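Taking it in order: structure first as structure tokens, then the write-up.
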2 protein chains.
Amino acid sequence: MTRPKRATIVDVARMAEVSAKTVSRVVNNEPHVTEAVKTRVREAMRALRYHPNVAAQGLVRSRSYLIGLVYEKPSPSYVVELQKGALERLHGERFRLVVLPVESVTEREEEIIALLRSAALDAVLLAPPASDNAALMRELRDGGIPFARISPTRLLGQGPSVAMDDVAAAQEAAEHLVTLGHTRIGVIKGDPSHAASDARLVGTMQALATAGIALHPELIEAGLFTFDSGLAAARRLLALDPPPSAILAQNDDMAAAAITAARECGLHVPEDLSVVGFDDSDISRVVWPPLTTIRQPVQDMAYRAMDMLLHMLKGEPEQGDVHLAHELMIRRSTAPPRAD
Amino acid sequence: MTRPKRATIVDVARMAEVSAKTVSRVVNNEPHVTEAVKTRVREAMRALRYHPNVAAQGLVRSRSYLIGLVYEKPSPSYVVELQKGALERLHGERFRLVVLPVESVTEREEEIIALLRSAALDAVLLAPPASDNAALMRELRDGGIPFARISPTRLLGQGPSVAMDDVAAAQEAAEHLVTLGHTRIGVIKGDPSHAASDARLVGTMQALATAGIALHPELIEAGLFTFDSGLAAARRLLALDPPPSAILAQNDDMAAAAITAARECGLHVPEDLSVVGFDDSDISRVVWPPLTTIRQPVQDMAYRAMDMLLHMLKGEPEQGDVHLAHELMIRRSTAPPRAD
DNA sequence: TTGTACGCGTTATCAG
DNA sequence: CTGATAACGCGTACAA
């Protein structure tokens with residue numbers, strides 16, 4: 001219907017009585033342009049409400065000014081933090097963020113690779129578990145598309161990454177429970193396709209082994225990082241005889257579910273059951289009692305990863321891997337076990 | 001460094017021994033191509049791993065295949081739902097979603113308009129309060145860029161929209177409390193720049209007026225749709241003498257905060273204080289007790305709005321406004337007031 | 001300091 | 001049914 005043709009660089013040139021190339025120079029802040037000409041061109045641009053055509057620029061520069069963020073149905077809070085960090089770094093830059101949530105990286109590798117190929121991305125941010133996918137990374141590398149990995153757990157050195165130490169963090173969380181006097185500790189694992197789940201389990205087991213505490217298989221329940229999966233897992237744990245006196249959930253969503261499950265059983269947190277989460281997402285302060293959890297600086301990680309990408313886009317060499325510190329946030333969901 | 005030139009349409013043409021235009025026809029599923037030629041071209045495309053260059057296509061078709069989603073720091077749960085719905089509809093389509101969170105639409109109108117102009121978006125999804133911004137809509141209309149509005153409250157008829165009835169929903173929520181026997185009801189308002197805040201207040205007042213209950217000004221507290229703002233507001237409300245026996249928060253984040261504030265005061269929910277939320281976001285089931293709330297079909301709304309956009313992009317006429325039904329979800333955060 | 005010719009990869013037009 | 005040619009809007013190389 002309405003197609004008010006946008007002004008082009010030629011229109012501006014005509015109005016300012018210069019050549020198109022000169023306008024181009026002004027637009028791109030190139031040197032060798034008289035101040036007088038510059039202002040004349042700028043006025044014309046304003047008058048015509050001129051904005052460069054991104055498609056045309058992209059065609060000649062082979063740049064799309066698009067950066068993709070690939071992630072896979074993690075908890076909402078994680079996604080939000082991720083986007084916040086990435087967008088914060090992008091503020092003021094020309095690049096825009098395209099969100100690419102995918103069903104299952106491992107199951108539909110081909111489909112996702114095709115998606116990336118046709119999406120014309122200048123760079124890609126890989127969140128777990130996509131950050132562990134070899135085929136994906138190979139494809140990006142072959143295509144000459146810079147990428148940064150967030151919290152990878154395998155194939156380190158295959159690409160710049162930002163991560164925290166999952167093993168050490170889980171260990172610290174478990175030690176906290178041990179120090180409080182817990183000996184029967186239940187674990188709710190995260191999505192098995194996220195390698196972080198195993199890393200966190202390893203850390204937990206190390207802490208318990210050091211303390212001489214056995215972790216019976218029945219005390220390890222499978223979850224998927226979602227509230228519902230956590231609820232089911234927590235119910236199974238609490239149905240055990242005897243039930244654990246503490247539950248270590250591998251993310252906050254599942255920890256919140258553990259609190260809910262406890263309430264269903266008439267149990268008080270932390271008096272009857274201590275609960276530890278992971279991530280320090282918004283949810284950790286929304287529930288009651290507020291969660292003792294591991295602060296995983298997701299937003300900072302995304303910010304740093306995006307920063308790496310921007311540097312690479314400027315032609316600078318790949319940076320190495322960055323490790324960000326975690327922190328045990330002790331709040332009110334943990335306490336010594338009831339003296340029986 | 002590495003720049004393995006991608007195959008172009010000409011490469012494919014050469015390999016399949018046809019002209020570039022014929023390849024183009026195959027790519028775009030245009031008629032008038034022999035099956036034999038078609039398969040020959042397809043094979044060449046596969047062999048060369050050919051993917052059309054989006055920038056070049058965009059240049060000739062004046063399309064970017066980018067759809068923007070404009071929103072303003074609302075609660076994380078709202079953003080997630082919004083994106084889910086929009087992306088769900090986009091699945092399988094060529095268009096990609098660019099997220100455009102903005103600081104404050106009203107304060108930085110100019111900046112945002114410039115952003116839109118330079119972003120080369122084919123269409124835009126406006127979430128509140130951007131969906132109420134006249135300047136923004138004028139700009140889009142002038143630019144011939146289709147847009148759809150989510151939950152607008154003013155300037156209706158200025159553009160296709162998807163909404164729910166905030167007044168009726170708030171009324172229903174308040175009636176629920178009245179029916180339970182509450183007469184001293186506190187309200188935590190949302191961000192004043194979101195017109196929904198006023199609409200919901202109006203609905204609440206209508207319900208109370210009908211029941212002959214006075215809503216004292218001291219019972220109306222300001223919030224910003226965030227947990228923290230809700231916490232502060234709820235604390236003020238509970239410090240009143242006498243405190244309200246029920247709190248109606250204008251979204252779930254703030255309702256969750258009200259529960260936390262109640263716990264701080266040693267109050268039990270719902271025995272000592274009933275709490276009603278708004279949105280039925282994830283958070284409503286994560287907290288304890290699970291929130292009685294108004295189910296606002298945010299995901300469906302985003303899906304429908306995106307659907308409208310896609311239709312308009314195909315040249316079909318603008319659709320009218322769509323209303324989606326809300327639903328009062330009665331859960332465990334509300335009960336009759338304690339008999340004094 | 002400024003301008004000209006050309007090419008980026010694709011599609012539309014209009015012949016053949 | 002198929003192909004040659006021009007155009008989309010801009011940047012690069014090279015002149016002037």
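Numbered from 1 within each chain, the chains take letters A, B, ... in sequence-line order. On a predicted model such as this, the values are computed, not experimentally measured, just so you know.
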(request) Could you tell me which residues satisfy side chain to side chain contact (heavy atoms under 4.5 Å, CB included) with A:Arg40, sequence neighbours excluded, listed by chain and number? (result) A:Ala16, A:Glu17, A:Val18, A:Val37
(message) For DNA chain D, which residues of residues 36-49 of chain B approach it to below 4.0 angstrom with any heavy atom?
(response) B:Val37
(message) Measuring to OP1 and OP2 of C:dG3, would you say a side-chain N or O of A:Thr22 lies under 4.0 angstrom away?
(response) yes
(request) Please list all pairs passing the salt bridge (charged side-chain N to carboxylate O under 4.0 Å, His left out) test where one or both residues lie in residues 18-38 of chain B, with sequence neighbours left out. (result) B:Glu35-B:Lys38
(request) Using a 4.5 Å cut-off on heavy atoms from C-beta on, say whether the side chain of A:Val99 contacts that of A:Val79. (result) no
(message) Tell me every residue that passes side chain to side chain donor-acceptor pair (under 3.5 Å) with B:Thr34, counting only those two or more places apart in sequence or in another chain.
(response) none
(request) Take nucleotides 11-16 of chain D nucleotide by nucleotide from the 5' end and write B, S or -, depending on whether a protein heavy atom sits under 4.0 Å from the base, only from the sugar-phosphate, or from neither. (result) SB----
(request) Output all residues satisfying side chain to side chain donor-acceptor pair (under 3.5 Å) with A:Arg94, sequence neighbours left out; order by chain, then residue number. (result) A:Gln57
(message) Given C:dT10, C:dT2, D:dC10, identify the nucleotide with an atom nearest to the side chain of A:Val33.
(response) C:dT2
(message) Just to verify, what does A:Glu88 make a side chain to side chain donor-acceptor pair (under 3.5 Å) with, not counting sequence neighbours?
(response) A:Gln299
(message) Starting the side chain at C-beta, find the nucleotide from D:dC10, C:dT10, D:dT2 nearest to B:Val10.
(response) C:dT10
(message) If the cut-off is 4.0 Å, is B:Thr34 near the phosphate of D:dT2, judged by side-chain N/O to OP1 or OP2?
(response) yes
(request) Take atom CG of B:Asn29 and atom C1' of C:dT11, then tell me their distance rounded to the nearest Å. (result) 15 Å
(message) I'd like to check the ring pair (Phe, Tyr, Trp, His ring centres under 6.0 Å) partners of A:Tyr50; sequence neighbours left out, ordered by chain and number.
(response) none
(message) A:Tyr303: which residues meet the ring pair (Phe, Tyr, Trp, His ring centres under 6.0 Å) condition with it, sequence neighbours left out?
(response) none
(message) Would you say A:Thr8 places a side-chain N or O within less than 4.0 Å of OP1 or OP2 belonging to D:dG9?
(response) no
N/O donor-acceptor pairs under 3.5 Å from side chains in residues 42-49 of chain A, not counting sequence neighbours:
from, atom 1, to, atom 2, distance (Å)
A:Arg49, NH2, B:Glu139, OE1, 3.4

(request) Take the C1' atoms of the five end pairs on each side of the helix from C:dT1-D:dA16 to C:dG16-D:dC1, get both axes, and report the angle to 10 degrees. (result) 30°
Could you tabulate the donor-acceptor pairs under 3.5 Å formed by side-chain atoms of residues 148-156 of chain B, not counting sequence neighbours?
from, atom 1, to, atom 2, distance (Å)
B:Arg149, NE, B:Ser131, O, 2.8
B:Arg149, NH1, B:Leu155, O, 2.8
B:Arg149, NH2, B:Ser131, O, 2.8
B:Arg149, NH2, B:Arg154, O, 2.9
B:Thr153, OG1, B:Asp132, OD2, 2.6
B:Arg154, NH2, B:Asp132, O, 2.9

(request) Round to a whole Å and report the spacing from CD of B:Glu35 to C1' of D:dT2. (result) 16 Å
